[in-house]
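Report on one structure; see the data block that follows.
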Amino acid sequence: MTVPEGGSTTADNPPPPRGEWPDDSRAGAVTDVPLLSRTAHDRGHLERLLPDPSRGRPVRVLLVDDQRTVPVHEGPHGPELVYDERAAWPEDAIYLGEADGVPYAALRAPRPGTVGGRPVDTWTGLRQVGAQLGDLDAGLLSQAIGIIEWHERNRFSPITGAPTTVERAGWAQHDPASGREIFPRTDPAVIMLVHDGGDRCVLGRQATWPAGRYSILAGFVEPGESAEAAVAREVEEEVGIGVTDVRYVSSQPWPFPQSLMLGYVARATDLQLVPDHDEIEEARWFSRDELRSGTGPQALPPNVSIARHIIDRWVAGELS
């Protein structure tokens with residue numbers, strides 16, 4: 001697979017439309033772990049080195065269109081991805097791995113009328129359907145979106161600026177000028193629920209979000225910084241308070257575009273919020289009762305996100 005001439009455009013990387021996330025104002029429905037992790041299939045790292053990662057077997061191909069949406073069918077137990085069944089490895093496909101002896105791949109393509117001879121109920125994205133998919137579909141879709149985003153945002157070598165070609169079944173880029181291989185990168189980010197040591201937590205909102213939507217605070221880890229230090233720095237920068245008792249909760253891959261969210265809780269040492277309006281339009285303290293009953297924010301993060309996972313666990317009394 002070769003990279004097209006020219007850089008990424010706005011059409012290649014469309015921003016999320018306003019209101020795209022499902023809204024839910026009640027908290028407390030605890031899940032075991034954050035969703036979207038690659039847990040139900042083998043990534044097949046050795047097969048990535050082969051000209052035909054499928055080893056001659058039929059391949060289930062997940063088609064991804066320009067808007068990062070995929071075909072979905074309503075199955076007996078909820079939404080299911082619709083795969084295009086190919087007899088042989090398709091050109092330009094990205095190898096996703098294997099499950100139950102079946103190889104899977106992702107392929108960017110325009111929307112066809114049918115996929116694999118099956119009807120498609122809708123084309124939708126990871127944000128909308130990720131929380132409803134089974135573990136295999138959710139992991140494959142998250143992985144597919146992440147690697148496609150990486151390719152489209154990194155079409156030129158960071159070493160020489162030369163257009164790259166794609167190798168290792170989509171899992172490496174080759175710089176022809178230097179001969180170097182370039183591999184996908186994941187940006188670490190921290191996301192944290194700050195509480196007062198009692199029954200209240202801080203939620204903030206960005207100006208670009210729909211009215212009434214609040215979430216916990218988040219930010220990227222900077223070079224030379226630990227994740228715990230990033231938690232303290234981001235909280236102070238965004239809402240002007242100090243924190244202590246910073247404790248890790250869990251992590252989640254977040255392919256929008258290429259992040260690993262590291263979830264934490266922390267206890268505030270100050271209560272007077274002073275939002276940095278360049279980043280946060282508004283920040284407020286909300287009680288567990290408000291979040292549990294839906295009388296607090298008009299909308300909370302969607303169930304697919306680690307932000308919601310942490311909020312729900314705190315509301316349920318599992319985190320303090």
Side-chain angles (χ1 to χ4, degrees), residues 15-28 34 127 187-222 225 227-252 254 256 259-315 319-320:
R18 288 175 64 87
E20 180 180 356
W21 297 89
D23 286 342
D24 184 355
S25 62
R26 292 175 179 265
R127 290 180 172 93
D187 298 320
V190 290
I191 184 163
M192 47 279 180
L193 182 144
V194 178
H195 60 87
D196 63 357
D199 207 41
R200 297 189 303 163
C201 73
V202 176
L203 299 182
R205 57 167 281 101
Q206 296 181 14
T208 56
W209 293 353
R213 178 176 295 165
Y214 284 78
S215 184
I216 56 179
L217 307 177
F220 285 100
V221 180
E222 295 185 347
E225 185 177 48
E228 291 79 6
V231 168
R233 175 184 55 78
E234 285 287 348
V235 172
E236 196 281 329
E237 290 178 356
E238 292 189 353
V239 295
I241 61 175
V243 294
T244 187
D245 296 337
V246 177
R247 294 190 294 111
Y248 174 77
V249 177
S250 60
S251 65
Q252 182 185 45
W254 197 243
F256 304 111
S259 302
L260 176 65
M261 306 302 294
L262 306 173
Y264 288 84
V265 291
R267 179 170 57 84
T269 58
D270 312 293
L271 299 180
Q272 183 63 45
L273 302 178
V274 184
D276 174 5
H277 293 293
D278 289 337
E279 296 191 51
I280 300 293
E281 181 183 58
E282 185 180 4
R284 290 177 50 194
W285 290 98
F286 291 93
S287 71
R288 280 190 172 97
D289 284 344
E290 287 178 302
L291 300 180
R292 188 182 295 114
S293 65
T295 58
Q298 295 177 30
L300 291 172
N303 292 332
V304 72
S305 66
I306 189 174
R308 183 53 177 271
H309 174 76
I310 295 173
I311 291 171
D312 286 348
R313 289 188 61 186
W314 182 80
V315 168
L319 304 174
S320 60

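Contact between F220 and R233 at its shortest, heavy atoms only, is O-NH2, 3.0 Å. Between A211 and Q298, the shortest heavy-atom contact is O-OE1, 3.7 Å. Across all non-hydrogen atoms, the minimal contact from A227 to V190 is O-CG1, 3.5 Å. Between S293 and D289, the closest heavy-atom pair is OG-O, 2.8 Å. Listed here is the closest heavy atom pair of P275 and I280: CB-O, 4.1 Å. When all heavy atoms of E238 and A218 are compared, the pair lying nearest together is OE2-O, 2.8 Å.
With E237 contributing its side chain and E234 its backbone, the two residues share no donor-acceptor pair below 3.5 Å. In this structure, Q252 contributes its side chain and I306 its backbone to a donor-acceptor pair below 3.5 Å. Panel note: side chain D312, backbone V315; no donor-acceptor pair is recorded below 3.5 Å. Of the possible donor and acceptor atoms, one in the side chain of D196 sits under 3.5 Å from a partner among the backbone N and O of G198. Using a distance-only test at 3.5 Å, with no hydrogens or angles considered, a donor-acceptor pair links the side chain of R308 to the main chain of P301. Remark: the backbone N or O of S287 is paired with a side-chain donor or acceptor of E290 at under 3.5 angstrom.
A cation-pi geometry, defined here as NZ or CZ lying under 6.0 Å from the six-membered ring centre and within 45° of its normal, does not hold between R247 and Y264.
L262 places none of its side-chain heavy atoms less than 4.5 Å from the side chain of I191. Counting heavy atoms from C-beta outward, E279 and Q206 have side chains that stay 4.5 Å or more apart. Side-chain contact check for R127 versus P302: every heavy-atom pair is 4.5 Å or farther apart. Counting heavy atoms from C-beta outward, M192 and V235 have side chains that approach closer than 4.5 Å. Side-chain atoms of I216 and I310, non-hydrogen and from C-beta on, do get closer than 4.5 Å to each other. The closest side-chain heavy-atom distance from S320 to W314 is not below 4.5 Å.
Summarising the geometry, atom SG belonging to C201 is positioned 15.5 Å from atom CZ belonging to R267; distances are rounded to the nearest 0.5 Å. Here the CE atom belonging to M261 is positioned 10.5 Å from the OG atom belonging to S251, to the nearest 0.5 angstrom. Once rounded to the nearest 0.5 Å, the distance linking CD of E282 with CH2 of W209 reads 12.0 Å.
The side-chain contact (heavy atoms from CB on, under 4.5 Å) with Y214 is formed by just one residue from the set L203, I311, L291; it is L203. Among L271, T269, V194, the single residue meeting the side-chain contact (heavy atoms from CB on, under 4.5 Å) criterion with I241 is V194.
Under 4.0 Å is where a charged nitrogen must lie from a carboxylate oxygen, and between R205 and E281 at least one such pair does.
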